Each structure stands twice: as structure tokens, then as C-alpha cells.
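Indexing begins at 1, ligand by ligand and atom by atom, following the structure's order. Values reported hereafter were calculated over all heavy atoms of this structure, with side chains retained and with hydrogens, waters and symmetry mates removed. Every value quoted in this text rests on a predicted model; they were computed, and no experiment measured them.
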Amino acid sequence: MNQLITLDEFIFDRQADFPYASGDLSRLLTDIGIASKIVNQKVSRAGLEDILGAQGVTNVQGEEQQKLDVMADQVFMKSFLNGGMVCGIASEEQEDFVAFDNERSMNGKYVVLYDPLDGSSNIDVNVSIGTIFSIYRRKSPIGTKAELSDFLQPGSEQVAAGYVLYGSSTMLVYTTGNGVNGFTLEQSIGEFCLSHANMKTPPAGRLYSINEGNLLVCHPGIGKYADWCRQTDKSTGRPYSGRYIGSLVADFHRNLIKGGIYIYPGTNSSPEGKLRLLYECNPLAYVIEQAGGRASDGYTNVMEMVPEKLHQRVPYFVGSPDMMDRAEAYLND
Ligand code: P6P
């Protein structure tokens, strides 16, 4: 029987990869693990606590906030505030960034941007949902309050990124730039344990994730790509398979493992698409790139973009490299 390696053991073992590591990033990653377990416990029994249903307010995105969204946001923010490693956060659920003003936090070296519970429209119907997080080294001086410039950094500056998938099992997947590793929550001991070491995405797969309801209102090349996916693949004698469950983290995770592509394009009514650059697209782009895939807006690596606004949206293509090449070719045709 293989030895169980917990998330904390792995994080601290890997700290040696960074000769100048002080342990602050390691501590921050363990804080994320703890917060994820708290959110998992509440998500897993949401129906029992009558926590389902809308909070009755709308968030900065104009979307009806679900009670679990609010809960998850508060759990992660408190974890970062209490951990002391982070001088500030930006969350999908909060209009502006939050600069922590206690002395310990102002000495924090990092900022975290996160979507506390992505796919929230699936909460009431028990479809997998997820948390997405992105970690940067602050640019403002240590000992001061975080500034907007700490958050508006290109994705190429991320020091760590990952996601938690609250699904048939709960997994935490992250990278610090030395590959991608996945941990499954062993409920009996309450520990994330290494289950997917050194994750790599296949160069190509047969899964394409697109909301086909958008095909008539987006770039015609995307419809042509979807048509191509529906053609019989000579090597297998069958077409690709459409898999789209309306939960980015779940679609992303499946495609990462099996090979596939996820596309959320710009549309006539929303030319910038739906997904947010800073706390959805960039962190998943870091993960997929570390796993051998790539992410773009159809033309440019999203991690090269210099953000202008916290909640800015960007059309998003992410997945296996060969599939990305073909999809982008249809855009540029
Ligand atoms: P649509 C969930 O709201 C989300 O941000 C992603 O998780 C998901 O992939 C997408 O939006 C679904 O959007 O417009 O297809 O329902």
C-alpha cells in the first residue's frame, strides 16, 4: 500500500524547491487547504441546513448571490486575514479589493484573488462547483496597506494558483510553477492526500466544452470548430463528445485529465465573454500550462494580458494544446 502524503507534508517537502523560501507561501497554501475543508463541509450538507437558495442580493457581477457564495467568500477571507501571510484579497463576491489593516497582515508578502464558489448556479441542483485561487507577491512595500497595483498583475507573475473541486470527491489541485499536483480529501481523517502526482494533460482529447446556445451569437469560427468536432474522426470512427455542465472548474478538471478544450467566447451582447481574467482565467491558465496545455482569449495567452480592472472579463479558450491550435485556427481563418 502506498504511503499517504498529506497536502501539508507535500507543501513543506516541496518548500525545499525554493531555496529562499521563508515558509510564508507554504503556510498560505495550508491556510487555503483548511478553508477548503470548511467550505466542503458546508457545501456537502447545504441542503440539510436550508442554506440553499438565493441570498436575495446581487453581487458586483449583477448575479444573484447564493447563500453558499457568501459563506465561502467569508470563510476564505477570514482564513487569509487570520493567517497573516496575505496583505489583501480580491474576490468575485466583493466589488473592491480588501486591504487588511492589522499590522501582521500589512507585513504579509502576498495577495490572493479568488472566486470562492464558481458555478454557483449549480448549487441547488447538486452539480459539482469549485473554488479558484491565484496568488501573487505584492508589489507595494511590506508594512503598508495593499494597493490596487498588487492585484492588477499579469498572470505570468503568479507565484501559485489552483482550484478546489467539490464533486463526487473533493479535490485540491495547485501549482507553484513546478508542475501540477492533485489532492483528494480523505474524509475519514479530514486530510487532503496526494492522489494525482505531476498531472499532465494529453496533447489532444475528444471532449469539447462549449455552451452551444452561444454559437449563433459569437465568432462564426467557433461554430465551424464545433462543426468540426461533430465530424466523424477518421482515427476513431466517431465524432468528439460535447461535455458542458455549466461549472468551469468541473469542466476544466475533466478536460485536464482526459484531454479536451473549454471555450467561453465573446458574444454579441458580451464581447468580452463571461469569465473573469484575474480569478478564473489566469489561475486555470497557470495550472493548464504547467500540465502541458495552454489558455488564450482565442489569440493571446491570457497570462500575458496586463489587467486594467479587477473584474474584467475575457473570452476564454483553455485545454489540450493540439485542440487549442485547431480552435484558434478557426478564429484566425
Ligand atoms: P453559461 C458559472 O456561472 C460560470 O462562471 C462557469 O463556471 C461556467 O462554465 C459558465 O459560467 C456557464 O455559463 O452562460 O454557459 O451558463
Side-chain angles (χ1 to χ4, degrees), residues 39 43 46 52-55 57-70 72-73 90-94 113-134 161-167 170-171 173 207-219 222-223 225-226 229 241-256 258 260-285 287-288 293 295-298 302 310-319 327:
V39 171
V43 166
L52 292 177
Q55 177 86 359
V57 295
T58 57
N59 64 15
V60 64
Q61 318 300 335
E63 294 163 349
E64 192 170 67
Q65 272 188 305
Q66 301 292 325
K67 288 178 182 176
L68 279 176
D69 275 346
V70 176
D73 183 46
S91 163
E92 185 203 36
E93 297 301 332
Q94 303 201 40
L113 299 94
Y114 62 95
D115 182 354
L117 217 51
D118 177 76
S120 49
S121 55
N122 293 298
I123 291 173
D124 282 354
V125 294
N126 204 17
V127 166
S128 301
I129 50 183
T131 297
I132 311 171
F133 60 89
S134 176
Y163 59 88
V164 184
L165 178 59
Y166 311 98
T170 295
M171 279 195 70
V173 177
L207 303 176
Y208 67 103
S209 304
I210 303 171
N211 180 341
E212 309 238 354
N214 288 328
L215 291 183
L216 297 181
V217 292
C218 66
H219 188 295
I222 297 171
Y225 176 66
C229 290
S241 295
R243 290 284 187 278
Y244 187 78
I245 61 173
S247 189
L248 170 60
V249 174
D251 281 321
F252 176 89
H253 182 73
R254 182 202 54 242
N255 292 352
L256 166 63
K258 291 184 176 289
I261 188 169
Y262 171 103
I263 299 174
Y264 204 105
T267 62
N268 298 341
S269 58
S270 306
E272 298 309 314
K274 177 178 184 182
L275 302 182
R276 287 66 141 191
L277 173 61
L278 287 179
Y279 42 78
E280 291 173 335
C281 300
N282 272 338
L284 297 183
V287 171
I288 200 71
S296 75
D297 65 350
V302 292
L310 278 182
H311 301 291
Q312 81 183 62
R313 302 173 191 263
V314 65
Y316 197 45
F317 295 62
V318 59

- Start with the C-alpha distance between Tyr262 and Tyr208, add both sets of side-chain angles, then the distance that settles side chain to side chain contact (heavy atoms under 4.5 Å, CB included), and finish with yes or no. CA-CA 6 Å; Tyr262 171 103; Tyr208 67 103; over 6 Å; no
- Message: For Phe133 together with Tyr163, are the ring centres under 6.0 Å from each other?
- Response: no
- Message: Going by the rule side-chain contact (heavy atoms from CB on, under 4.5 Å), which residues pair with Glu272 if we only count those two or more places apart in sequence or in a different chain?
- Response: Arg313, Pro315
- To the nearest 0.5 Å, atom CG of Asn214 lies from atom OG of Ser269 at 8.0 Å
- Does a side-chain heavy-atom distance below 4.5 Å link Leu256 with Ile288? yes
- Identify, chain by chain and in numerical order, each protein residue with a heavy atom under 4.0 Å from an atom of ligand 1. Asp118, Gly119, Asn211, Tyr244, Gly246, Ser247, Leu248, Tyr262, Tyr264, Lys274, Leu275
- Test item: Tyr114 side-chain N/O and Asp73 main-chain N/O as donor-acceptor pair under 3.5 Å: yes
